[in-house]
Amino acid sequence: MKINLNTVGLFLVLLLIMLVMIHKEVGKIVVFYREIFSLIFLALLLWQGFSKISHSLFNKRVIVEIFLLALFPLLLVTMALVDPMVNLYGDLLSVGVTAYDGYVDPRLYVLRNAVIYLPMVFYIAVRGLSTSEINKIAGVIVFFAPISIIVFMSQLSNHSVVYEFREMISGRNQIEYNTFVPCFTISVLSIFYLMELPYRKFKVFIKLALVGIFVFVIFFIFYSTSRQALILALIYVILFLIKELSPIMVVRNIFYYTVMFIACYYCVEWVNQNIGSNERLTERLGEGLTNSPRSKMIVEGVEKLDITSFFTGAGLTSVLVSGPHNDYVRWLQRVGFIFTFISFYPYFSAVIKSFVNYLYRKESVCLFILCANLFIIYNSMFGYPREDAYQSLWCFLAIAIWLGHVNFSRRKRIVDAEKSYPLVN
């Protein structure tokens, strides 16, 4: 039986998503599993052949973004060669690195984070992604989310998962609200995207399952006290609800959305009555929203740079672990304004072009791609999503989906045009 490598490639993407969602447990077994996937995707990319690679990567609609995605790691190599090893925040570089992936040269650590998912990005760009394949990716993101959360809670201590959830709800244990929790905003996005699909079979069952998963995930986000994740999830919900203001859409899904929000309300009420209020949650979602020290940290981070280092950076390894809690400022500190612009441009471009596509085509998949790429732009204001073990995949996968869908749509238009106007010999 002939093996379809494109099918294998999609399966590997889905498998990688599931593994990253339980990263801590997988990392205990295979430390370098992401590097292994990177090499496999590189092999699959080369298997596509020079002709297909050149036609896909030199597509005028995405060539600038692909060029900058490839250029940025090369610029980092140059920066690594002249890195003065300045330490802006007083953290020991070795401690910063061993906190995550074991002792390595900190320059290699930064470079590795910048390139580890690029083979996957370029492979998906060349391979292409149809809407049905994007639906499969969204489906895995949704239906594996509860498993990921339960596995995460189970490894917090030797107590039961139920005990850990009760501790979280009461505010007595602290979840990784700035790293792990934000990933589930992509699950919320995927749920609302999948709600719109025209299912032929088991429609009611699938949509009620989506409703149940939404309630569980949003409950977890809420009681984890992750303000940034809760706000982004609400942004996704609002964008899709606005899209659904047409009478047909409202009638089709109003029952499921009503069940969603009523279930969320009564879950919170039940918790307040049976477990009690969470003071930490009240503080973080009350005064904590307006009295956050993040803005001060951002200003202080910029102030650490003089005029020269504002454009050149203080050094590639000047900030590794702590810092301004803002990826825009951290890359500004590392490599300066110009290289930082190059670093983020592809993601802003993907959002803008997806928005234009959505206005033109009015397709849910365009809005899904737009929102997925909004993940890195939004979360970079609060942390370092491209270097976080959980979040980094979503940053690179989002732009890969955009590139893959653009190239797939382009090929489809060419094929349709050839069928409509066949060559006459």
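Since the model is a prediction, treat every value here as computed from it, not as a measurement.
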Contacts of Arg361 that satisfy salt bridge (Lys or Arg N to Asp or Glu O under 4.0 Å) - sequence neighbours left out:
Glu363
Pair up each side-chain donor or acceptor in residues 209-226 with any protein partner under 3.5 Å, not counting sequence neighbours, and list the distances.
{"unit_1": "Ser224", "atom_1": "OG", "unit_2": "Phe220", "atom_2": "O", "d": "3.4"}
{"unit_1": "Ser224", "atom_1": "OG", "unit_2": "Ile221", "atom_2": "O", "d": "2.7"}
{"unit_1": "Ser224", "atom_1": "OG", "unit_2": "Ser226", "atom_2": "N", "d": "3.3"}
{"unit_1": "Thr225", "atom_1": "OG1", "unit_2": "Arg280", "atom_2": "NH1", "d": "2.7"}
{"unit_1": "Thr225", "atom_1": "OG1", "unit_2": "Arg284", "atom_2": "NE", "d": "3.3"}
{"unit_1": "Ser226", "atom_1": "OG", "unit_2": "Tyr177", "atom_2": "O", "d": "2.8"}
{"unit_1": "Ser226", "atom_1": "OG", "unit_2": "Ala229", "atom_2": "N", "d": "3.4"}

Pair listing, ring pair (Phe, Tyr, Trp, His ring centres under 6.0 Å) test, anchored in residues 120-151, at least two apart:
Phe41-Tyr123
Which pairs pass side-chain hydrogen bond (donor to acceptor under 3.5 Å, both in side chains) with one or both residues in residues 69-84, sequence neighbours excluded?
Asp83-Thr317
Kindly write out the residues that satisfy side chain to side chain contact (heavy atoms under 4.5 Å, CB included) with Ser295, not counting sequence neighbours, or none if the list is empty.
none
Does anything in residues 371-383 form a side-chain hydrogen bond (donor to acceptor under 3.5 Å, both in side chains)? List the pairs, not counting sequence neighbours.
Gln228-Asn379
Who pairs with Lys412 by salt bridge (Lys or Arg N to Asp or Glu O under 4.0 Å), at least two apart in sequence or on another chain?
Asp416
With His55, which residues qualify under side chain to side chain contact (heavy atoms under 4.5 Å, CB included), at least two apart?
Ser51
Any pair with a residue in residues 297-306 that passes side-chain hydrogen bond (donor to acceptor under 3.5 Å, both in side chains), sequence neighbours left out, goes on the list, sorted by first then second residue, please.
Asp306-Ser309
So, using side chain to side chain contact (heavy atoms under 4.5 Å, CB included) as the criterion, who are the partners of Leu68 when residues are at least two apart?
Val64, Leu71, Ile342, Tyr345, Pro346
Check against ring-ring contact (aromatic ring centres under 6.0 Å, His included), Phe152 and Phe180:
CA-CA 9 Å; Phe152 177 86; Phe180 178 68; 4.0 Å; yes
Please name all residues satisfying salt bridge (Lys or Arg N to Asp or Glu O under 4.0 Å) with Glu164, sequence neighbours left out, ordered by chain then number.
none
For Ser354, enumerate each residue passing the side chain to side chain contact (heavy atoms under 4.5 Å, CB included) test, keeping only those at least two apart in sequence or located in another chain.
Ile369, Leu370, Trp402
